[in-house]
Amino acid sequence: MLARIHSECLTGDALFSLRCDCGHQLRSALERIGAEGSGALLYLRQEGRGIGLHNKIRAYGLQDCGADTVEANLRLGFPADARDYAVCAPLLRHIGVRRLRLMTNNPAKTEALSAMGFEVVERVALPGGRNSHNTAYLDTKADRMGHVFDAAGEFAGTRP
Ligand SMILES: Nc1nc2c(ncn2[C@@H]2O[C@H](COP(=O)(O)OP(=O)(O)OP(=O)(O)O)[C@@H](O)[C@H]2O)c(=O)[nH]1
């Protein structure tokens with residue numbers, strides 16, 4: 001089953017902010033599911049990588065003063081990524097999914113699902129919509145959070 005496990009991002013998903021890649025990835029995932037004719041999208045209420053909207057906005061303030069997205073979380077007393085994917089297990093079981101072709105550039109997400117007993121048979125890269133506002137954010141995700149950006153994810157060759 002082609003699947004997207006998407007972390008809530010009010011600013012990117014609903015307000016079309018360009019400082020992250022969330023909205024672009026959400027739309028890309030839905031387009032792929034539409035093109036394929038079937039698939040699943042789990043929309044997880046874990047705004048701001050699990051620290052909530054208020055704290056994400058505080059983290060944006062620190063980033064506006066020079067911190068990167070990881071450093072900003074740490075300075076606020078949070079881990080770089082506070083998400084928990086446990087809720088995916090009953091949701092996926094409910095819709096009868098055990099094997100996934102997961103649309104993500106984030107290896108931690110793949111590992112979390114594998115650890116819960118799901119078989120990720122393929123990682124499907126998602127374009128992030130690199131632009132002048134999210135370049136530093138995407139580079140930090142690659143350099144400090146292990147996100148994989150490849151040709152299908154449109155980043156190969158575009159990073160300095
Ligand atoms: N704390 C914090 N959260 C952010 C920031 N920018 C985006 N987010 C949140 O990050 C989450 C998305 O995480 P990402 O790391 O961008 O992407 P991912 O879902 O882990 O990986 P993909 O599956 O490849 O999209 C959403 O919950 C956003 O609200 C930021 O600067 N700080």
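Every number for a ligand or one of its atoms is a count from 1 in the order of the listing. Heavy-atom basis, side chains included; hydrogens, waters and symmetry copies ignored.
- One finds a salt bridge joining Arg130 and Asp139 here, because a Lys/Arg side-chain nitrogen approaches an Asp/Glu carboxylate oxygen to under 4.0 Å.
- Tested against Asp13, the residues Glu47, His6, His24 include a single side-chain contact (heavy atoms from CB on, under 4.5 Å) partner, His6.
- Not one N or O on the side chain of Asp21 forms a donor-acceptor pair closer than 3.5 Å with the backbone of Gly129.
- Checked for salt-bridge contact, Asp64 and Arg19 meet the test: a charged N lies under 4.0 Å from a carboxylate O.
- Listed by chain and number, the residues in a side-chain hydrogen bond (donor to acceptor under 3.5 Å, both in side chains) with Thr69 are Arg49 (sequence neighbours excluded).
- Classification of Lys56 and Glu8 as a salt-bridged pair fails, no side-chain N sitting under 4.0 Å from a carboxylate O.
- Pocket lining of ligand 1, defined as residues with a non-hydrogen atom under 4.0 Å away: Arg4, Ser7, Glu8, Cys9, Asp21, Cys22, Gln25, Gln46, Glu47, Gly48, Arg49, Ile51, Lys56, Tyr60, Gln63, Thr69, Asn73, Arg83, Thr104, Asn105, Asn106, Lys109, Tyr137, Lys141, His147.
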